[in-house]
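Throughout, residue positions are numbered sequentially from 1 according to the sequence presented.
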Amino acid sequence: MKGIFPVEKFEQIRTPFYYYDMNLLRQTLRAITDEAQKHEAFCVHYAVKANANLKVLQAIRQAGLGADCVSGGEIEAALKAGFPADKIVFAGVGKSDWEINLGLDAGIGCFNVESVPELEVINELAEAKSTTANVAFRINPDVGAHTHANITTGLAENKFGIAMRDMEDIIERAQAMQHIKFVGLHFHIGSQILDMGDFQALCNRINDLQNQLESHRIVVESINVGGGLGIDYQHPNRIPIPDFKSYFDTYAKRLKLRPGQTIHFELGRAVVAQMGTLIARTLFIKVGAKKKFCIVDAGMTDLIRPALYQAYHKIENITSDGPMEAYDVVGPICESSDVFAKQVDLNQAKRGDLIAIRSAGAYGEIMASQYNCRPLPKGYTSDEL
């Protein structure tokens, strides 16, 4: 739909760039908060790794969400955007000392710990500052998810989390440390999950683990179930907002929370993916022996998901009303994998046409690189155009 884009204003901006529809973001945030607020124990954090654009972060903070960070840089970005430190959680399998110290100095809400060595380092650094660190343990539940292998995180073969067999031992170690406060368990099984059965399986596993801990008189204050809810990449116009009702209802019905427990979510892609579009300009139309190539000025340096995950993104020519033709949409990078889509139907394209690569608000701008000495793409919001 060409009408949803301010094409006249786009013509004045150097391509490629990211365009963020802030009205859609605010509608999505309202849908999240409306559904989550139906359940008293639900707390929602935004996974900063999906998109750390400052204006996007500020809108998410204004909606009342907390922040889930996986690096010191993300903690700094969340603090700059105004997120309260006590609503920031710090996850990640490899935390550097400076990152841990940053979290301790800021007074973040919780460290999601993934190994005994990490726990020991956090305790040592907290002792040096005469403070106490809240920790939750990320448990690998060995639960699969119906998604791409590169974004499945909850299997025993993945690098993430603590094995279930070691759960009680590490909790007991933490409880013996003077500068550690054990507050909860953390789980995450993957990303771009659309089958609620995967989340139901996680609930069942958590219920079993809670029963196991209770038999040893171990009390858990909070359960963090990660995020993982996917979006509809095929139909960004028709289904711009994910099914948050089914997502939250799954946990409300299946997860057996104990009195006083809170449940934390870490939504990322589902919050920001649909509001973002990569705008590129057509450089050349190249007619090959068997196909036509629409060569654009954006490449895998600007949006790596198609090359890395074989991900689908809907592509539209937003400056042409010509007849539909099939093109391979490719970028200028000197790599054969620099392809956004093959044999995609577009309105007849010519040099200078603007091409919109949709559903790119998550893991788009944030994963951009300067390979081939290319400049990083800029991000613009609808509020400023």
Distance-minimising heavy-atom pair for Ala81 and Arg61: O-NE, 2.9 Å

Cys69 and Glu74: which non-hydrogen atoms are nearest, and at how many Å? CA-OE1, 3.4 Å

Parallel, tilted or perpendicular for Tyr18 and Tyr20, by the 30°/60° rule? parallel

Indicate yes or no: does Lys9 engage Glu384 in a salt bridge with an N to O separation below 4.0 Å. no

Let me know which of Val89, Val183, Ile180 forms a side chain to side chain contact (heavy atoms under 4.5 Å, CB included) with Asn134. Val183

Looking at Lys38, I want to see if its NZ is surrounded by more than 12 non-hydrogen atoms of other residues, nucleotides or ligands under 6.0 Å. yes

To the nearest 0.5 Å, tell me how far Glu365 CD sits from Asp302 CG. 10.0 Å

Spacing of Ile13 atom CD1 and Lys378 atom NZ [to the nearest 0.5 Å]: 10.0 Å

Closest non-hydrogen contact found for Pro141 with Leu202 is CG-CD1, 4.0 Å

Students often mix this up, so state it plainly: with edges at 30° and 60°, are the rings of Phe10 and Tyr19 parallel, tilted or perpendicular? perpendicular

Please find the pair of heavy atoms, one from Glu114 and one from Val93, that lie closest to each other, and give the distance. OE2-N, 3.5 Å

Expected output: side-chain Arg305 to main-chain Ala311 donor-acceptor under 3.5 Å: no

Determine whether a donor-acceptor pair (N or O, by modelled atom type, separation under 3.5 Å) exists between the side chain of Asp34 and the backbone of Ala31. no

CG on Leu267 to NE2 on His45, rounded to 0.5 Å: 10.5 Å

Anything under 30° is parallel, anything over 60° is perpendicular, the rest tilted; go ahead and classify Tyr251 against Phe265. perpendicular

Closer than 3.5 angstrom, by distance alone: can the side chain of Gln261 be matched with the main-chain N or O of Leu257 as a donor-acceptor pair? no

Should Trp98 and Leu102 count as side-chain neighbours, where that means a heavy-atom distance under 4.5 Å? yes

Would Asp243 and Met196 count as a side-chain contact (heavy atoms from CB on, under 4.5 Å) if you check the C-alpha gap in whole Å, the side-chain angles of each, and the deciding distance to 0.1 Å? CA-CA 10 Å; Asp243 186 1; Met196 294 300 124; 5.9 Å; no

State, without any angle test, whether Gln192 and Tyr309 hold a side-chain donor-acceptor pair at a distance under 3.5 Å. no

Does the pair Gln212 and Met164 meet the rule for a side-chain contact (heavy atoms from CB on, under 4.5 Å), with working shown? CA-CA 11 Å; Gln212 178 183 332; Met164 288 181 288; over 6 Å; no

Please tell me if the side chains of Gln178 and Glu127 come closer than 4.5 Å, counting only heavy atoms from C-beta onward. no

Should Phe137 and Leu104 be counted in the same cluster of Ile, Leu, Val, Met, Phe, Trp and Tyr side chains packed under 4.5 Å apart? yes

Check whether any side-chain N or O of Asn112 sits under 3.5 Å from a backbone N or O of Arg138 as a donor-acceptor pair, and report yes or no. no

Hydrophobic cluster membership, with links at side-chain heavy-atom distances under 4.5 Å among I/L/V/M/F/W/Y: are Phe187 and Ile170 in one? yes

Ion pair Glu120/Arg173, N-O distance below 4.0 Å: yes

Honestly curious: do Phe42 and Val271 fall in one hydrophobic cluster under the side-chain, below-4.5 Å linking rule? yes

Kindly indicate whether the side chain of Leu278, heavy atoms from C-beta on, has any atom under 4.5 Å from the side chain of His313. no

Does Lys95 come within less than 4.0 Å of Glu118, counting only side-chain N to carboxylate O? yes

Donor-acceptor under 3.5 Å (Tyr46 side chain, Asn51 main chain): yes

Nearest-0.5 Å distance that lies between atom CG in Leu57 and atom CD in Gln62: 11.0 Å

Please test Leu308 against Met367 for side-chain contact (heavy atoms from CB on, under 4.5 Å), starting from the C-alpha separation and ending with a verdict. CA-CA 11 Å; Leu308 185 60; Met367 293 182 75; 4.0 Å; yes

Hydrogens and angles aside, do His216 and Glu172 bring a side-chain donor and acceptor to less than 3.5 Å of each other? no

Please tell me if the side chains of Val7 and Thr319 come closer than 4.5 Å, counting only heavy atoms from C-beta onward. yes

Greater than 12 external heavy atoms within 6.0 Å of Glu40's CD: no

Verify side-chain contact (heavy atoms from CB on, under 4.5 Å) between Ile263 and Val225, making sure each step is shown before the conclusion. CA-CA 7 Å; Ile263 176 173; Val225 297; 3.9 Å; yes

Kindly say whether Ile279 contributes a backbone atom to a donor-acceptor pair with the side chain of Thr15 at under 3.5 angstrom? no

Which pair of non-hydrogen atoms, one from His179 and one from Thr131, has the smallest distance, and what is that distance? ND1-O, 2.9 Å

Residue pair Asp338 / Pro332, side-chain heavy-atom distance below 4.5 Å: yes

Quick check against the 3.5 Å criterion: does Arg351 have a side-chain atom that pairs as donor or acceptor with the backbone of Leu283? yes

Main-chain N/O of Met177 paired with Asn123 side-chain donor or acceptor, under 3.5 Å: no

Donor-acceptor contact present, side-chain Asn211 to main-chain Asn207, <3.5 Å: yes

Would you check if Asn237 and Arg358 make a side-chain contact, meaning some heavy-atom pair closer than 4.5 Å? yes

Can you tell whether the side chains of Arg238 and Asp232 come within less than 4.0 Å, N to carboxylate O? no

Over 60° means perpendicular and under 30° means parallel, so classify the ring planes of Phe90 and Phe111, tilted if in between. tilted

With a 4.5 Å heavy-atom cut-off, do Ile75 and Val48 have their side chains touching? no

Are Ile60 and Phe244 connected, step by step, through hydrophobic side chains (Ile, Leu, Val, Met, Phe, Trp, Tyr) whose heavy atoms are closer than 4.5 Å? yes

Can you see which heavy atom on Ala280 is nearest to which on Ala298, and at what distance? CB-CB, 3.6 Å

Using the rule that Ile, Leu, Val, Met, Phe, Trp and Tyr join whenever any side-chain heavy atoms are under 4.5 Å apart, tell me whether Ile162 and Val116 fall into a single cluster. yes

So how far is it from Phe284 CZ to Asp297 CG, rounded to the nearest 0.5 Å? 10.5 Å

Using side-chain heavy atoms (C-beta onward) and a distance below 4.5 Å, is Leu24 in contact with Thr28? yes

May I ask you to say whether Lys245 pairs ionically with Glu35, meaning some side-chain N is under 4.0 Å from a carboxylate O? no

Donor-acceptor under 3.5 Å (Asn347 side chain, Gly322 main chain): yes

Interatomic spacing from CG in Asp21 to CG in Asp383 - rounded to 0.5 Å: 9.0 Å

So for atom CZ, which belongs to Arg254, do other residues, nucleotides or ligands contribute more than 12 heavy atoms lying within a distance under 6.0 Å? no

The single option from Asp345, Thr282, Asp353 that satisfies side-chain hydrogen bond (donor to acceptor under 3.5 Å, both in side chains) with Asn317 is Asp353

